[in-house]
There are 2 protein chains.
Amino acid sequence: MTASAKTKQPDISLAVCGYSKVIEIISNKWTALVIYAIENGSIRYGEIERRIAGISKKMLTQTLRKLERDGIVQRHITPSVPPMVEYSLTLLGQTLLRPMRELRQWGRDNYMHVEAARMQYDFTYNKDSMD
Amino acid sequence: MTASAKTKQPDISLAVCGYSKVIEIISNKWTALVIYAIENGSIRYGEIERRIAGISKKMLTQTLRKLERDGIVQRHITPSVPPMVEYSLTLLGQTLLRPMRELRQWGRDNYMHVEAARMQYDFTYNKDSMD
DNA sequence: CAGAATCCTCGAGGATACTG
DNA sequence: CAGTATCCTCGAGGATTCTG
C-alpha cells in the first residue's frame, strides 16, 4: 500500500481538493439548473427565467453573474429598446458539461435507491417523525 | 426541433432535475471530502478526522450520518472498549465514484482557468475591492 | 474512541418594490 | 425586457463542553 500507517498528517483539504473546487462552482441552489437551461445554446434571460420553475429574477441574475465571473457562461447584449441579453456557455463552460451530465445521469439512475435508503433509515432509527 | 417555440412552460425543476438531486447529496461543505477519504476502502472515524484538515467531530458525524441515511456509506461497529467504528462505501456509494472522480478531475484540470476568469472579471468590473 | 448536546453567527436565498 | 435595491428569515456550520 502506498500511503499506509497511522498518525498521518491531514492530506485532504477544502482549499486544495478538486472536489471542493468544482462544488464551490456548481453547488449553489440554482446553478446546475441554469447551466442545464443554457447547455443547448444561446438563450435569452427571460427564456431561462420561464424555463426554470420557481426561480426569481434576483436569484437568476445572481447565479448568472457568478457563472460569468467564473468564466462558465458569457453574456451578449444587443443594445435595443427593450434590451436583449443572451447567455451561452464559454469554451470552459462546455468542458464542464461532460462531468455534469454524468452526475445528472447518476441522479436519474440512482435517486430512487437513495430515497429507498432514506425511508429504510428513518424506519429503523426514527419510527416517528418521518421526513 | 423537438422543443421549440416561445412561451413554453417551465420544464426544469429543482424537484425533478437529476442535477439537483445529486447536488442535494454531495453539495454540503464536507461531503465530497469525506467521500474522498473513504473511497479507498474501510476507514476508522478517527482516521477520517485526522485526514481532513479542519473538520470538527460535529461536522464529520453529521456528514457521515447523512451519507449513511442516503445509502452512500455504511457504518460498521466493533463493540469493544474503546469502540471501533469503521466506514466504507456501499455498492450505491461506489457507483457515485465515477461521476465524482470526473468532477474532481475537471477541478484539477480547470480551476486555474476559473481563477483567471475571476481575476479578469474583477479587474474589468471592480477595479477596487478585489476578492 | 466516537460521538452527543448547546449555543451562536453569518450569509444564502426568498419576498417585494422600483427602473433604464 | 432585464435587471437593482432592500429587508428579512432560517438553517448550515463553527466553537465549546460533556460522555459511554
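Residue numbers begin at 1 in each chain, while the letters A, B, ... track the order of the sequences.
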Practice item. Output every pair passing side-chain hydrogen bond (donor to acceptor under 3.5 Å, both in side chains) with a member in residues 27-37 of chain B, not counting sequence neighbours, ordered by first then second residue. Key: B:Tyr36-B:Arg108
Review point. How close do A:Gln94 and A:Leu89 get, heavy atom to heavy atom, and via which atoms?
Key: NE2-O, 3.6 Å
Point to revise | Electrostatic pair A:Arg118-A:Asp122, nearest N-O below 4.0 angstrom | key: no
Check your understanding: What ring pair (Phe, Tyr, Trp, His ring centres under 6.0 Å) pairs are there with at least one residue in residues 85-117 of chain B, not counting sequence neighbours?
Key -> none
Review point. Would you say B:Leu96 and B:Ile26 make side-chain contact, with heavy atoms under 4.5 Å?
Key: yes
Review point. Atom CD of B:Gln62 and atom P of C:dA5: how far apart are they, to the nearest Å?
Key: 13 Å
Point to revise | B:Ile72 side, atom CD1; B:Asp70 side, atom CG - distance, nearest 0.5 Å | key: 6.0 Å
Practice item. Nearest whole angstrom, please: distance from the P of C:dG3 to the CG of B:Leu64. Key: 7 Å
Exercise for review: Just call it for A:Ser56: base, sugar-phosphate, or nothing, with non-hydrogen atoms closer than 4.0 Å on any strand.
Suggested key: nothing
**Study point:** Check: A:Lys57 main-chain N/O paired with A:Tyr45 side-chain donor or acceptor under 3.5 Å
**Key:** yes
**Study point:** Contact nearer the 5' end of DNA chain C, comparing B:Glu49 with A:Met59
**Key:** B:Glu49
Revision key, fill the gap. In whole angstroms, the gap separating C1' of C:dA2 from CD1 of B:Ile52 amounts to 15 Å
Study note, to complete from the structure: Within residues 24-35 of chain A, the residues having a heavy atom closer than 4.0 Å to DNA chain C are A:Asn28, A:Lys29, A:Trp30
Exercise for review: Could you state the atom-to-atom distance from NZ of A:Lys57 to P of C:dT19 in whole Å?
Suggested key: 16 Å
Exercise for review: Heavy atoms only: give me the nearest A:Tyr19-B:Met100 pair and the separation to one decimal.
Suggested key: CE2-O, 2.9 Å
Point to revise | Heavy-atom donor-acceptor pair, A:Ser42 side chain to A:Glu86 backbone, under 3.5 Å | key: no
**Study point:** Minimum heavy-atom distance between B:Ile52 and A:Pro10, given as atom pair plus value
**Key:** C-CB, 4.5 Å
Practice item. Give a yes or no on whether a donor-acceptor pair under 3.5 Å exists between the nucleobase atoms of C:dG3, that is its base, and the side chain of B:Lys58. Key: no
Review point. Does B:Arg75 have a side-chain nitrogen or oxygen under 4.0 Å from the phosphate oxygens OP1 or OP2 of C:dA2?
Key: no
Review point. Salt-bridged, A:Arg50 to A:Glu47, with N to O below 4.0 Å?
Key: yes
**Study point:** chain B footprint on DNA chain D, 5' to 3' - any atom under 4.0 Å from a heavy atom
**Key:** D:dG13 to D:dG20
Review point. Can you list the steps and then say if A:Ser20 with A:Glu24 is a side chain to side chain donor-acceptor pair (under 3.5 Å)?
Key: CA-CA 6 Å; A:Ser20 319; A:Glu24 173 198 338; over 6 Å; no
Exercise for review: Starting from the first five and the last five pairs of the helix from C:dC1-D:dG20 to C:dG20-D:dC1, work out the angle between the resulting helix axes, to 10 degrees.
Suggested key: 60°
**Study point:** Nucleotide C:dA2, atom C1' - distance to CD1 of B:Ile48 in whole Å
**Key:** 11 Å
Point to revise | Contact list for DNA chain C against residues 82-90 of chain A - heavy-atom distance below 4.0 Å | key: A:Pro83
Practice item. Answer yes if B:Tyr121 and A:Val73 sit in the same cluster of Ile, Leu, Val, Met, Phe, Trp and Tyr residues linked by side chain heavy atoms under 4.5 Å apart, and no otherwise. Key: no
**Study point:** ILVMFWY cluster, A:Val34 and A:Val85 together (side-chain gap under 4.5 Å)
**Key:** yes
